[in-house]
Amino acid sequence: MKQKKRVLVIIPAYNEAENIVKVVNHMKEQAPQCDYLIVNDGSTDNTLKVCRQEGFHYLDLPINMGIGGAVQAGYIYAYKNEYDIAVQIDGDGQHDIAYLDRILEPIINKEADVVIGSRFLEKEGFQSSAGRRMGITILSRLIWLVTGKKIMDVTSGYRAVNQMFIEIYSKDYPMDYPEPEAIVSAIMHLGRVKEVPVQMRAREGGTSSITFKKSIYYMIKVTLAILLCRISYGIRRGRREDI
């Protein structure tokens, strides 16, 4: 990858002791020119111990903040250390660093401010379960209704942002299940959001934190959050126009 931008790969990790070594080693092999930061989100397994033993670069949160809090901590670190681009990948091994150049390219070429690695553009690799795909489709249509922007893989945690959105997300980032809400926030901030095709893998070890009950809560919570986010930005815009 021929580029002079300083890139930070943010790896939120909650109970990923079985996966984190493979994730970091894969990143070092595929993108040695990029820095990385593991954000240990109050794990109750040996994730922290593994990070220390392996000499990984990590930030240890004293309590579990949830995926949104962990990712925002990474953005705060990227902002304070003046990185040009921040990339999010999951700590479970699902995101293939081999596609990193493809995700970075639109930002480096100044074609986009936020780039999302999408499973559904070419429909190759791991596609998630049928139930989750249905939920993703519903959220995709909702985002299109409230923003006019069609995003296929709205729950993808494989994404990159430029320096402008490093600053924005370091100050304000959604909490529980942040990916769809963060897309709406980007669009409301007039960010250029682009999807690029990637292939993802099934989780290699450990268990997902999203159960069936949590999936129902997820849909309700995210739907309300997207609507509130859109209303909030509409109110703010109206106030600015009145000044």
Discussion item. Around atom CZ of R102, are there more than 12 heavy atoms from other residues, nucleotides or ligands closer than 6.0 Å?
Written reply: yes
Is atom CD of E82 surrounded by more than 12 heavy atoms (other residues, nucleotides or ligands) closer than 6.0 Å? no
Practice prompt. Fit a plane to each ring of Y36 and F56, take the angle between them on a 0 to 90° scale, and name the class: parallel (under 30°), tilted (30 to 60°) or perpendicular (over 60°).
Written response: perpendicular
Please work out whether the ring planes of H95 and Y158 are parallel, tilted or perpendicular, with thresholds of 30° and 60°. parallel
Check your understanding: Is H26 reaching over with its side chain to a backbone N or O of K22, donor-acceptor style, under 3.5 angstrom?
Key -> no
Do P180 and I226 make a side-chain contact, defined as non-hydrogen atoms from C-beta onward lying under 4.5 Å apart?
yes
Checklist line | Side-chain touch L37/I11, heavy atoms, less than 4.5 angstrom | finding: no
Only residue of E167, K171, Q88 satisfying side-chain hydrogen bond (donor to acceptor under 3.5 Å, both in side chains) with Y75 is Q88
Here the gap from Q33 atom CD to L100 atom CG, rounded to the nearest 0.5 Å, amounts to 7.5 Å
Audit row: E111, R192, salt bridge (charged side-chain N to carboxylate O under 4.0 Å, His left out) steps and yes/no | CA-CA 8 Å; E111 299 169 354; R192 297 166 298 165; over 6 Å; no
Single-linkage hydrophobic cluster L59~I63, side-chain heavy atoms < 4.5 angstrom
yes
Query - Audit row: D84, R6, salt bridge (charged side-chain N to carboxylate O under 4.0 Å, His left out) steps and yes/no - result: CA-CA 5 Å; D84 299 302; R6 294 184 66 233; 5.8 Å; no
